[in-house]
Amino acid sequence: MAEVKTRALGLREVDFGDYDRYLTALSEDGRKIEILCKNARRGKKQVPAARQFCFSAFILSERGGRYTLREADLVHSFFELTQDIERYALACYLAELTAALTTPDEDAPAFCRLLLGALAALEGKKRDPALVKAAFEWRALAESGYAPDLTACGVCGETIETPPLYFSVRAGQAADEACARRAAGDFVRLADSTLRALVHVLTSEPRKTYAFALTGPARGQFCAMAEAYAQYHLGRGFDSLTFYRSLKPPGQ
């Protein structure tokens, strides 16, 4: 049985048997791992660092690709998010989306940095939660191979030098004004500030992804398109997103 040391963020926990728990975690290198935490719900055997939304240093036993918890030392806990049902529900959605986009077999280090940054932004309450959500959706999809093409017209292939720029959620492509009007697609004109925000989110360093602001119609467009883009290209919904949406007033 091999010993494995890694730092990871707890995404989801599921009770197993009378006392055990399985923790789905995202390692620092972006791999999704399942950790069996034996006796995790049994008195003094509990390990507070091996919980959802805890970023911890783990020592694991590994055999045949299966991991069992030996030790966990807390680096940072986002437990404060559980005190606000709306922010907690949003954090659960971001974690569920991350779990859907990562695997045990492929490194994706940007994912861990992106999710830690999103949780920190929600915890600090200095960023608009709706923009944090949308920025994570856009960038997470891009990191998974669904990056939208904003540089060239998807209809004629020419470089789009200046706005206006039209964008199709389904095609994942941009179009210039003339081609968008001719194309039989769902191209929608992007507000200039929506486009600037989208370029920032897709090209910035992960730690700077959430360092922007949007208001008014551009904010609504940026957020609505992000959610539609994620759901369309993944071809599925998320229970945590449904719950999060149920907490929001109609139209938000």
Side-chain angles (χ1 to χ4, degrees), residues 1-108 111-116 118-120 122-123 133 136-137 140 144 230-231 234-247:
M1 185 174 290
E3 180 181 279
V4 175
K5 294 182 179 180
T6 187
R7 298 208 305 175
L9 174 68
L11 301 178
R12 181 172 179 260
E13 54 187 61
V14 177
D15 292 342
F16 176 73
D18 292 332
Y19 302 109
D20 299 342
R21 173 181 293 125
Y22 272 104
L23 179 70
T24 302
L26 180 69
S27 68
E28 204 166 29
D29 62 9
R31 291 175 182 261
K32 182 173 62 176
I33 55 177
E34 300 287 341
I35 304 170
L36 174 60
C37 306
K38 292 185 177 180
N39 295 311
R41 295 145 51 217
R42 189 171 190 170
K44 295 181 180 180
K45 296 287 187 178
Q46 295 184 40
V47 183
R51 300 298 302 269
Q52 183 186 42
F53 300 135
C54 287
F55 184 59
S56 303
F58 289 91
I59 299 178
L60 309 172
S61 296
E62 185 271 333
R63 175 182 289 172
R66 297 177 180 273
Y67 298 90
T68 302
L69 178 68
R70 289 175 56 183
E71 297 178 29
D73 291 318
L74 184 66
V75 176
H76 183 83
S77 169
F78 294 97
F79 180 77
E80 186 177 331
L81 291 174
T82 66
Q83 307 306 303
D84 182 322
I85 186 62
E86 193 171 305
R87 289 173 187 265
Y88 175 66
L90 176 51
C92 288
Y93 165 58
L94 300 185
E96 189 179 3
L97 179 57
T98 298
L101 292 171
T102 52
T103 73
D105 306 315
E106 186 175 348
D107 288 353
F111 265 102
C112 193
R113 296 195 297 271
L114 283 170
L115 185 54
L116 286 172
L119 296 181
L122 295 176
E123 180 184 56
K133 170 183 174 292
F136 185 87
E137 288 168 328
S144 299
Q231 290 195 310
L234 295 181
R236 55 163 293 183
F238 295 89
D239 291 341
S240 53
L241 176 59
T242 300
F243 177 63
Y244 171 70
R245 299 300 303 171
S246 74
L247 301 173

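Remark: side-chain polar atoms of R7 are not paired, donor with acceptor, to backbone N or O of S56 under 3.5 angstrom. In terms of modelled atom types and a separation under 3.5 Å, the side chain of R70 and the main chain of I59 share no donor-acceptor contact. Checking side-chain atoms of D15 against main-chain N and O of R21 turns up no donor-acceptor pair under 3.5 Å. Using a distance-only test at 3.5 Å, with no hydrogens or angles considered, a donor-acceptor pair links the side chain of R31 to the main chain of D105. Using modelled atom types, one side-chain atom of E96 and one backbone atom of S240 make a donor-acceptor pair closer than 3.5 Å. Checked by atom type and distance alone, the side chain of R41 pairs as donor or acceptor with a backbone atom of D18 at under 3.5 Å. Judged by distance alone, the side chain of E28 and the main-chain N or O of A8 form no donor-acceptor pair under 3.5 Å.
For the atom pair F16 CZ and C37 SG, the distance stands at 12.0 Å (nearest 0.5 Å). Distance CG/L74 to CZ/F55: 10.0 Å, rounded to 0.5 Å. Summarising the geometry, atom CG belonging to L60 is positioned 4.5 Å from atom CD1 belonging to I35; distances are rounded to the nearest 0.5 Å. The distance from atom OH of Y88 to atom CD of Q83, rounded to the nearest 0.5 Å, is 11.0 Å. Atom CG of L119 and atom CZ of F136 lie 8.0 Å apart (nearest 0.5 Å). Between R245 atom CZ and Y93 atom OH the span is 10.0 Å, to the nearest 0.5 Å.
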Worksheet item: Under the side chain to side chain contact (heavy atoms under 4.5 Å, CB included) criterion, do L122 and D84 qualify, and how do the steps go?
Response: CA-CA 10 Å; L122 295 176; D84 182 322; over 6 Å; no
Discussion item. Using side chain to side chain contact (heavy atoms under 4.5 Å, CB included), reason through L69 and L23 one step at a time and then give a plain yes or no.
Written reply: CA-CA 9 Å; L69 178 68; L23 179 70; over 6 Å; no
Practice prompt. Determine, step by step, whether K38 and T68 satisfy the side chain to side chain contact (heavy atoms under 4.5 Å, CB included) criterion, reporting the C-alpha distance in whole Å, the side-chain angles of both residues, the deciding distance to 0.1 Å, and the verdict.
Written response: CA-CA 8 Å; K38 292 185 177 180; T68 302; 4.2 Å; yes
Discussion item. Using side chain to side chain contact (heavy atoms under 4.5 Å, CB included), reason through T6 and Y67 one step at a time and then give a plain yes or no.
Written reply: CA-CA 12 Å; T6 187; Y67 298 90; over 6 Å; no
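Nearest heavy-atom pair across F58 and A49 is CZ-O, 4.2 Å. Minimum heavy-atom separation, C92 to F53: N-CZ, 3.7 Å. Closest approach of T24 and K32 over heavy atoms only: CG2-CG, 3.9 Å.
With sequence neighbours left out, the side-chain hydrogen bond (donor to acceptor under 3.5 Å, both in side chains) criterion links R51 to E13. The side-chain hydrogen bond (donor to acceptor under 3.5 Å, both in side chains) test applied to Y244 returns no partner, not counting sequence neighbours. Residues forming a ring-ring contact (aromatic ring centres under 6.0 Å, His included) with Y19 (at least two apart in sequence, or on another chain): none.
Using a 4.5 Å cut-off on side-chain heavy atoms (C-beta onward), L81 and Q52 make no contact. Residues L247 and L90 have side chains not in contact (no heavy-atom distance under 4.5 Å, counting atoms from C-beta outward). Here the side chains of T98 and L9 are not in contact, with every heavy-atom distance at 4.5 Å or above. Within the 4.5 Å cutoff, side-chain heavy atoms of L97 are placed close to those of E137.
For CZ of R236, the number of neighbouring non-hydrogen atoms (other residues, nucleotides, ligands) closer than 6.0 Å is greater than 12. Annotation for E106: atom CD does not count as buried by contact number, only 12 or fewer foreign heavy atoms lying within 6.0 Å.
Between the side chains of S27 and D29, at least one donor-acceptor pair of N or O atoms lies under 3.5 Å.
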